[in-house]
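Heads up, the thing below is written out as structure tokens.
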Number of protein chains: 2
Amino acid sequence: MLAMAMTDSPRKAASTAAWRAHACASCAARALSICSAMHTEDLGRLAAARTHQHVDAGETFLNEGDAATHFFNIIEGAIKVFKLMPDGRRQITGFLFAGDLLGLAFNDSYTYSAEAITPVKICRFPRRQLERLLDEFPKMEKRLLAMASNELAAAQEQMMLLGRKTAHERLASFLLSLARRERRYGRGGDAVQLPMTRTDIADYLGLTTETASRVFTSLRKRGCIEIETANSIRFSDRDTLEELASGLE
Amino acid sequence: MLAMAMTDSPRKAASTAAWRAHACASCAARALSICSAMHTEDLGRLAAARTHQHVDAGETFLNEGDAATHFFNIIEGAIKVFKLMPDGRRQITGFLFAGDLLGLAFNDSYTYSAEAITPVKICRFPRRQLERLLDEFPKMEKRLLAMASNELAAAQEQMMLLGRKTAHERLASFLLSLARRERRYGRGGDAVQLPMTRTDIADYLGLTTETASRVFTSLRKRGCIEIETANSIRFSDRDTLEELASGLE
DNA sequence: CGACGGTTTGAGTCCGGTCAATTGTCGTGG
DNA sequence: CCACGACAATTGACCGGACTCAAACCGTCG
């Protein structure tokens, strides 16, 4: 809101969504994964306070500057987290998928916006509820600290990418990290799904749409990847891609 | 170690330092600031396990890939935290000064290296000791979580800088953030000290030394800053600098 | 003083950005 | 079924900001 108010940005603003309470099993299961030591009744307390929501693709459901009253759990779909400059320049700081948590930062207001890439199911918890739980379950706090720590390491890796890598190295790194993620979650193999647009990828890698597209083509012509559709690619030479990503060629 | 081993990097490797135990008041005071609820005897326990060290300027005292056995508290001086690519490209992910903590990440091994910019006094604690304390003092954990959260927000701001800002905008942002920090810690006014070299600044901002230097000159000619010495600048038009930093001009 | 590391400045190049046009994809409705 | 519109992706021609290479300058210290 704050960030949007002072801008003539061409990107469109959010629509405020109405949140409805709704029961859901996978949601509680996810909360469980944060801390297996939590008692069932406490889980229930958290579950009671949560609300569910479907968000359409392209909808912004969290705005930089808004009071940080809730945190979110992506149940299904993909979202992008980003920051805007007054003139509309955009930097995507991360893509989040099913199972990821959003909004855990302990600041007064959100320091980023979030928008659905695909139709998304999300689960929203009040932060106060969480903080009360944290007081009772220190293990949960440790778990969150570990998560934050991993995110921080990832952020530093991304700084390396944005500050020092070439366009080719950036895209190779990105595709491989997506593939690694898919592998970690069971699926995978040599195909990677790209739910986001070329413009999103460019805004994540600090490039323009045109450059992103050109590098896709270039990697294809070099025999590193096959482009089945714009949103689905397949690795045909993962080794070369790995070398590219780490800057060895 | 790991990162250094596979590289023919022109940058020099670390010298292993000998750590000696030593008593120090400011160190305990700093630990206190992490959690005021800690008992004196517990503080003593942490204090007993710590060791002190002087590190010379230019010395690397922490290597990416090394087992993450300790965390650090900068007592005096300035350090840089960075990552290297196999061919020697470097990205500085942060500068740390007196009072800052380093190595709190909860990973098995460090994901970055750290080198002294000026002669430095640091205080080293074993991580196991800290973790035991964390179990006893949940408030401490909450404090760490808040710190990690702030760092994460800063990291995202830096991604915006590296991915989307021009050279001028990057330097303006950097100078202002340094000034803001000095102000937060009492000192300040319109002068900013730059203990790091132009090359360090460039490696932090994703530029080359030459570009960094040129932009300094350009800002001076535009009347935004005065360069008293290479390591000490003064703001002469902070407003214009602010506008530049946020991309408004 | 001279040596050395850091800084500044200059000349020329190039990677990625800009602007513009074309192609491809998909959903809608006649 | 195809025509159409909207939007994403690709491709081409050109441009420019930052990089590269190189030389000169400066401050510090032995």
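By convention in this document, chain letters (A, B, ...) are assigned in the order of the sequence lines, proteins followed by strands, and residues within each chain are numbered from 1. Values reported hereafter were calculated over all heavy atoms of this structure, with side chains retained and with hydrogens, waters and symmetry mates removed.
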Exercise. When the ring planes of B/Phe61 and B/Phe72 are compared, do they come out parallel, tilted or perpendicular, using 30° and 60° as the limits?
Worked result: perpendicular
Look only at the side chain of [X] and the backbone of [Y], and say whether a donor-acceptor pair between them is shorter than 3.5 Å.
X        : Y        : result
B/Thr118 : B/Ala78  : yes
A/Gln91  : A/Asp203 : yes
B/Lys83  : B/Thr93  : no

Exercise. Can you check whether A/Asn107 reaches B/Ser149 side chain to side chain, under 4.5 Å on heavy atoms?
Worked result: yes
Exercise. Tell me, do B/Phe174 and B/Phe95 make a side-chain contact under 4.5 Å, heavy atoms counted?
Worked result: yes
For this session: Report the distance from atom CG of B/Leu161 to atom CG of A/Leu162, rounding to the nearest 0.5 Å.
Result: 10.0 Å
Tell me the interatomic distance from [X], atom [atom1], to [N], atom [atom2], rounded to whole angstroms.
X        : N      : atom1 : atom2 : result
B/Arg170 : D/dA18 : CZ    : P     : 8 Å
B/Phe216 : D/dC25 : CZ    : C1'   : 18 Å
B/Leu162 : D/dA18 : CG    : P     : 13 Å

Show each protein N/O and nucleotides 15-17 of chain C N/O combination with a separation under 3.5 Å, one pair to a line.
{"unit_1": "C/dG16", "atom_1": "OP1", "unit_2": "A/Ala167", "atom_2": "N", "d": "2.9"}
{"unit_1": "C/dG17", "atom_1": "OP2", "unit_2": "A/Thr208", "atom_2": "N", "d": "3.4"}
{"unit_1": "C/dG17", "atom_1": "OP2", "unit_2": "A/Thr208", "atom_2": "OG1", "d": "3.2"}
{"unit_1": "C/dG17", "atom_1": "OP2", "unit_2": "A/Thr211", "atom_2": "OG1", "d": "2.5"}

For this session: With B/Arg198 as the cation and B/Phe216 as the aromatic partner, state whether NZ or CZ is under 6.0 Å from the six-membered ring centre and within 45° of the axis.
Result: yes
For this session: Go through C/dC19, D/dT10, C/dT9 for me and flag the one nearest to the A/Glu210 side chain.
Result: C/dC19
Exercise. Heavy atoms under 4.0 Å, any strand shown: does A/Thr217 hit a base, just sugar-phosphate, or nothing?
Worked result: sugar-phosphate
Kindly give the atom pairs (protein nitrogen or oxygen, nucleotide nitrogen or oxygen) under 3.5 Å for nucleotides 5-7 of chain C.
{"unit_1": "C/dT7", "atom_1": "OP1", "unit_2": "B/Arg198", "atom_2": "N", "d": "3.4"}
{"unit_1": "C/dT7", "atom_1": "OP2", "unit_2": "B/Arg198", "atom_2": "N", "d": "2.8"}

